[in-house]
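One structure is given here, and the rest of the page talks about it.
Below, read A as the first sequence line, B as the second, and so on, with proteins coming before strands; counting in each chain starts at 1.
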2 protein chains.
Amino acid sequence: MELSERKQKILQAVIDEYIGTAEPVGSRAISKKNELGLSSATIRNEMADLEEMGFLIQPHTSAGRVPSDVGYRFYVNSLMRRYQMSVEALEKMQAIMADRVNQLELIIKKASLMASTLTEYTTVVTSPKLTSARIKKIELVSLGFGNVMIVIITSAGIIKNQSVELNLNDVEASQLSEVLNRRISGLTAEELTLDKIKEIGKEIDESFNIAPKVIINMLNFVYEAIDSLDYTEVYVNNAKSILSYPEFSDVGKAREMLAFLDNKDNLVKLLGSAKDGVDIRIGAENEFEELSNSSMITVNYSMNDKTIGRIGVIGPKRMNYAKVIASLDCISNQVDKILYELYNKEGDV
Amino acid sequence: MELSERKQKILQAVIDEYIGTAEPVGSRAISKKNELGLSSATIRNEMADLEEMGFLIQPHTSAGRVPSDVGYRFYVNSLMRRYQMSVEALEKMQAIMADRVNQLELIIKKASLMASTLTEYTTVVTSPKLTSARIKKIELVSLGFGNVMIVIITSAGIIKNQSVELNLNDVEASQLSEVLNRRISGLTAEELTLDKIKEIGKEIDESFNIAPKVIINMLNFVYEAIDSLDYTEVYVNNAKSILSYPEFSDVGKAREMLAFLDNKDNLVKLLGSAKDGVDIRIGAENEFEELSNSSMITVNYSMNDKTIGRIGVIGPKRMNYAKVIASLDCISNQVDKILYELYNKEGDV
DNA sequence: TGTTAGCACTCATCTCTTTCGAGTGCTAAC
DNA sequence: GTTAGCACTCGAAAGAGATGAGTGCTAACA
């Protein structure tokens with residue numbers, strides 16, 4: 001079914017208005033803006049049609065109209081005007097992102113912060129699931145009485161570290177580091193098999209006076225550290241922004257939403273199910289009941305042309321779609337670019 | 001002015017009741033519990049006295065009474081019954097805290113999580129301000145094309161790392177590491193003076209083919225990394241819990257509070273001004289307007305008998321003081337103990 | 001003299017009703 | 001096809017009781 005151009009313009013006007021006010025939009029309000037040169041009566045008729053066609057909803061007889069999910073979808077697909085990022089915003093973004101602190105995790109966190117700052121909505125990001133990260137270096141540092149810090153640096157620049165109870169002096173620590181480096185560096189989690197671990201354990205056992213249990217413990221940590229790279233981290237930014245929207249003026253609803261945003265499992269699943277590129281989910285298009293009154297827009301970011309994570313913005317259904325899309329697009333480009341510069345050239349990630 | 005024992009009992013009953021219900025407490029409610037064996041009329045008279053003396057407040061003529069800040073203060077100082085930590089809670093805490101991952105930052109985060117889990121209120125922690133942390137080890141790891149990861153490990157087990165643009169192969173990286181370690185390890189931030197940095201820069205300049213700007217850049221990072229140990233980190237946990245309390249059923253108030261909790265500067269100042277040991281601030285006793293309807297309880301935790309940070313619980317004025325105090329006390333003991341075991345023995349922190 | 005029962009009074013809250021007005025649908029005229 | 005006009009609808013706001021929890025005061029009681 002095709003919408004006449006006039007109907008499209010009216011639908012667009014209704015949605016634009018509703019995005020600004022969060023109040024049902026009446027025919028007179030549209031007519032008054034005088035962009036169409038039509039009287040309220042005419043617009044009324046058109047709006048009645050649009051309602052019948054499923055693009056608009058009337059909350060009650062004497063109220064104006066509110067866009068339906070279908071209406072938003074049509075808006076997003078066909079009507080929405082491109083949002084132009086301001087030069088200042090763009091420059092600021094480049095400045096922040098190009099800051100010399102540029103570890104993977106930090107980049108993602110900054111990207112998320114940026115998205116929530118630009119859009120003023122809640123942002124959710126998943127951080128890379130790097131199945132093929134390699135161990136670059138393992139370092140043992142004696143911290144003194146019975147404690148040693150294990151530091152693992154991976155090819156993705158991710159660092160895992162923790163201290164374990166292990167009585168080594170500086171010399172022993174560096175000797176043990178040497179063994180571990182020789183045996184482990186360059187491997188991925190998959191390649192560090194149980195057999196391999198046993199083998200390494202045996203070598204250490206022969207050369208050092210360390211209890212087998214401690215060795216196992218230490219190697220376990222190493223394994224877990226690499227293995228844990230497989231798990232997706234999630235960061236939420238600016239969750240409190242939902243309290244600014246009349247959609248959540250009911251504290252119960254706000255709490256429900258915040259609880260949802262607190263549950264990492266939900267979020268991983270949510271972002272995991274999104275499509276690559278700019279993906280828009282309006283209201284009930286989201287698989288989670290809790291988001292049935294919200295919309296979510298996501299973009300992926302990649303390394304080696306492979307999606308490794310997503311940035312998502314969650315806001316009321318009447319969100320400023322154009323702006324959010326433009327912002328996310330920009331951000332994902334920046335992230336891709338920085339990740340490329342950092343790791344891609346090397347090609348071993 | 002002394003309170004008769006009966007008045008004290010009535011005040012206690014009123015506060016205990018109010019803590020549970022968040023509704024003004026009437027004389028009949030107290031009388032019905034029959035713990036005092038008095039009629040509502042008698043209690044009414046006593047409550048009128050208590051109001052006159054400033055311990056209770058009547059929101060309006062025909063309402064029950066609500067404790068005033070003075071009332072809460074008296075309750076906390078004199079009436080409150082000791083809260084007994086349950087054996088399960090204690091065991092669980094010990095298990096979690098004793099987990100082998102025990103770096104300083106992680107310990108603090110865990111302590112905070114624990115506090116918010118136990119009390120179900122919002123928790124705020126400041127993490128150590130370690131002015132005298134020493135550099136244990138500096139490591140440069142080549143990440144490939146033009147990037148090097150700098151890792152700094154301090155005596156407090158804190159790790160700082162970031163990648164900088166620097167074209168070194170593995171051999172050069174380890175040579176440079178050697179120079180840096182020789183010159184810098186063992187120093188504190190204060191001892192790493194500008195002169196020293198220049199000196200080191202000169203040595204590197206002579207032995208390596210690295211642009212001076214890059215050297216400065218790198219040494220700057222090292223300096224900032226140690227220096228930044230002087231800044232207090234703040235973590236907030238379970239901020240959303242405030243939405244569960246009728247005190248914040250007004251979304252505007254809730255938003256205000258969440259905004260306050262989002263501002264790290266506020267929180268550093270807030271916790272910084274607390275007294276050592278268990279410190280209780282009721283309502284307007286807090287220096288921040290935003291907390292005038294809340295109470296905050298803090299404990300410090302220490303290393304070498306020196307306070308290095310605080311854990312605070314923020315909740316409605318009618319919070320379960322006894323339970324929060326018991327929980328925080330327990331947690332700070334655990335933290336102190338773990339910190340002692342980890343670092344204190346060494347004595348160089 | 002301290003305690004209690006009883007009663008008139010207060011006032012927030014709930015419910016019911018009324019009013020108001022934004023917005024509609026329909027009709028008739030242009 | 002468009003528009004002016006008008007009756008109609010119905011949620012939200014405002015007003016009017018009714019309700020009841022809780023008080024203060026008084027007088028009687030132990």
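Residue B:Arg44 places no side-chain N or O under 4.0 Å from the OP1 or OP2 atom of C:dT3. Regarding contacts with the backbone of D:dG20, every side-chain N or O of B:Arg28 stays at 4.0 angstrom or more from both OP1 and OP2. An OP1 or OP2 oxygen of C:dA12 is reached within less than 4.0 angstrom by no side-chain nitrogen or oxygen of B:Ser62. A close approach under 4.0 Å does occur between a side-chain nitrogen or oxygen of A:Thr61 and OP1 or OP2 of D:dC10.
A distance of 6.0 Å or more separates the ring centres of B:Tyr321 and B:Tyr83. In summary, the aromatic rings of B:Tyr121 and B:Tyr245 are positioned with their centroids under 6.0 Å apart.
A donor-acceptor contact shorter than 3.5 Å links the side chain of A:Asn286 to the backbone of A:Gly283. When atom types are taken as modelled, the side chain of A:Ser327 and the backbone of A:Ala115 share no donor-acceptor pair closer than 3.5 angstrom. Put simply, the side chain of A:Ser116 never gets that close to the backbone of A:Asn237: no donor and acceptor are under 3.5 Å apart.
Looking only at atom types and distance, the side chain of A:Thr122 has a donor-acceptor partner in the side chain of A:Ser241 under 3.5 Å away. Remark: the A:Ser39 side chain and the A:Thr42 side chain contain an N/O donor-acceptor pair separated by less than 3.5 Å.
Out of D:dT23, D:dT3, C:dT3, the shortest distance to the side chain of B:Thr42 is found at C:dT3.
In summary, B:Lys33 and B:Glu17 engage in a salt bridge, as defined by a charged side-chain N under 4.0 Å from a carboxylate O.
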Nucleotide N/O to protein N/O under 3.5 Å, stretch nucleotides 15-19 of chain C:
none

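Taking atom CD on B:Glu23 and atom P on C:dA12, their separation rounds to 15 Å, with Å as the unit. With rounding to whole Å, A:Arg65 atom CZ is found 13 Å from D:dT9 atom C1'. Rounded to an integer number of Å, the gap from A:Ile43 CD1 to C:dT24 C1' is 14 Å. Atom pair A:Arg6:CZ and D:dG1:C1' shows a separation of 8 Å (rounding to whole Å applied). Atom CD1 of A:Ile30 is separated from atom C1' of C:dG23 by 13 Å (rounded to the nearest Å). In this entry the distance linking CD1 of B:Ile10 with C1' of D:dG22 reads 16 Å, nearest Å. As a whole-Å value, the separation of A:Leu38 CG from D:dG1 C1' is 11 Å. Atom OH of B:Tyr18 and atom P of D:dG22 are 14 Å apart (whole Å).
Contact annotation for A:Ser40: no contact, since no heavy-atom pair falls under 4.0 Å across all strands. Looking at heavy-atom distances under 4.0 Å, B:Ala41 makes contact with a base.
Side-chain N/O atoms of B:Ser39 and base N/O atoms of C:dT4 include no donor-acceptor pair closer than 3.5 Å.
Pairing partner, C:dT27: D:dA4, with both Watson-Crick or wobble hydrogen-bond distances short of 3.5 Å. With a cut-off of 3.5 Å on both Watson-Crick or G-U wobble distances, the partner of C:dC20 is given as D:dG11.
Along DNA chain C, the nucleotide nearest to B:His60 and the one nearest to B:Asn45 differ in position, and the one closer to the 5' end is contacted by B:Asn45.
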